[in-house]
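This report refers to the structure that appears directly beneath it.
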Amino acid sequence: MFFIFGLRTKVDRSGVVTRVCRNCGNQAAQVITRRATKFTLFFIPLIPVRTRYTQQCTFCGAEYDIARAEAQHLPVG
């Protein structure tokens with residue numbers, strides 16, 4: 001008997017906000033994404049392992065992590 005297991009990451013785009021980028025300092029659109037990684041057994045996602053929120057600048061392409069509370073309070077449009 002053998003088991004097929006692994007990790008699967010699902011990326012959800014939460015929206016776009018206009019903010020000043022931490023990297024380049026320009027006022028540009030920032031894409032907010034949620035990445036949820038889950039442990040899978042026989043290709044069925046079972047246990048959430050990690051959830052992180054990221055913000056990516058559309059001007060310079062810099063991507064950095066943001067806190068969950070900050071991601072939920074952003075006026076996403």
Side-chain angles (χ1 to χ4, degrees):
M1 179 189 292
F2 61 93
F3 295 99
I4 300 173
F5 63 93
L7 297 174
R8 177 178 292 168
T9 301
K10 182 178 179 186
V11 179
D12 293 323
R13 182 176 167 187
S14 299
V16 178
V17 291
T18 302
R19 297 181 73 181
V20 176
C21 178
R22 296 181 201 172
N23 186 45
C24 65
N26 290 314
Q27 178 96 10
Q30 308 285 321
V31 179
I32 309 299
T33 56
R34 176 180 179 259
R35 297 172 191 255
T37 303
K38 293 186 178 181
F39 174 78
T40 61
L41 182 63
F42 294 110
F43 307 106
I44 300 170
L46 296 176
I47 302 168
V49 176
R50 180 180 183 186
T51 301
R52 58 179 242 206
Y53 295 87
T54 60
Q55 179 174 336
Q56 183 177 19
C57 179
T58 57
F59 188 79
C60 68
E63 183 175 336
Y64 39 89
D65 293 337
I66 58 175
R68 178 182 179 196
E70 184 181 355
Q72 291 176 343
H73 287 92
L74 288 173
V76 176

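What you find for Lys38 and Pro45 is that their closest heavy atoms are CD-CB, 3.9 Å. The two residues Ile32 and Ala71 have their closest heavy-atom pair at CG2-CB, 4.5 Å.
Looking at Tyr53 and Thr51, their side chains come closer than 4.5 Å, going by heavy atoms from C-beta outward. Between Leu41 and Ile4, the closest side-chain pair of non-hydrogen atoms is not below 4.5 Å. Counting heavy atoms from C-beta outward, Phe59 and Gln30 have side chains that stay 4.5 Å or more apart. Thr40 has its side chain out of reach of Leu7: every pair of non-hydrogen atoms, C-beta onward, lies at least 4.5 Å apart. Taking the side chain as every heavy atom from C-beta outward, Val31 and Val17 never approach each other to under 4.5 Å.
By the salt bridge (Lys or Arg N to Asp or Glu O under 4.0 Å) test, Arg8 pairs with no residue at all, sequence neighbours left out. Residues meeting the salt bridge (Lys or Arg N to Asp or Glu O under 4.0 Å) test with Arg34, sequence neighbours left out: Asp12.
Under the 4.5 Å side-chain heavy-atom criterion for ILVMFWY residues, a single connected hydrophobic cluster contains both Ile47 and Phe43.
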(request) In sequence, state the C-alpha distance, the side-chain angles, and the governing distance for Arg35 and Thr54, and then conclude on side chain to side chain contact (heavy atoms under 4.5 Å, CB included). (result) CA-CA 8 Å; Arg35 297 172 191 255; Thr54 60; 3.8 Å; yes

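Heavy atoms from other residues, nucleotides or ligands lying under 6.0 Å from CZ of Phe5 number 12 at most. Heavy atoms of other residues, nucleotides or ligands lying less than 6.0 angstrom from CZ of Phe39 number more than 12. More than 12 heavy atoms of other residues, nucleotides or ligands sit less than 6.0 Å from atom CZ of Phe42.
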Donor-acceptor pairs are to be reported for all side-chain atoms of residues 18-27 against protein atoms at under 3.5 Å, with residues two or more places apart or in another chain.
unit_1 : atom_1 : unit_2 : atom_2 : d
Arg19  : NH1    : Glu70  : OE2    : 3.2

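In terms of modelled atom types and a separation under 3.5 Å, the side chain of Thr9 and the main chain of Thr37 share no donor-acceptor contact.
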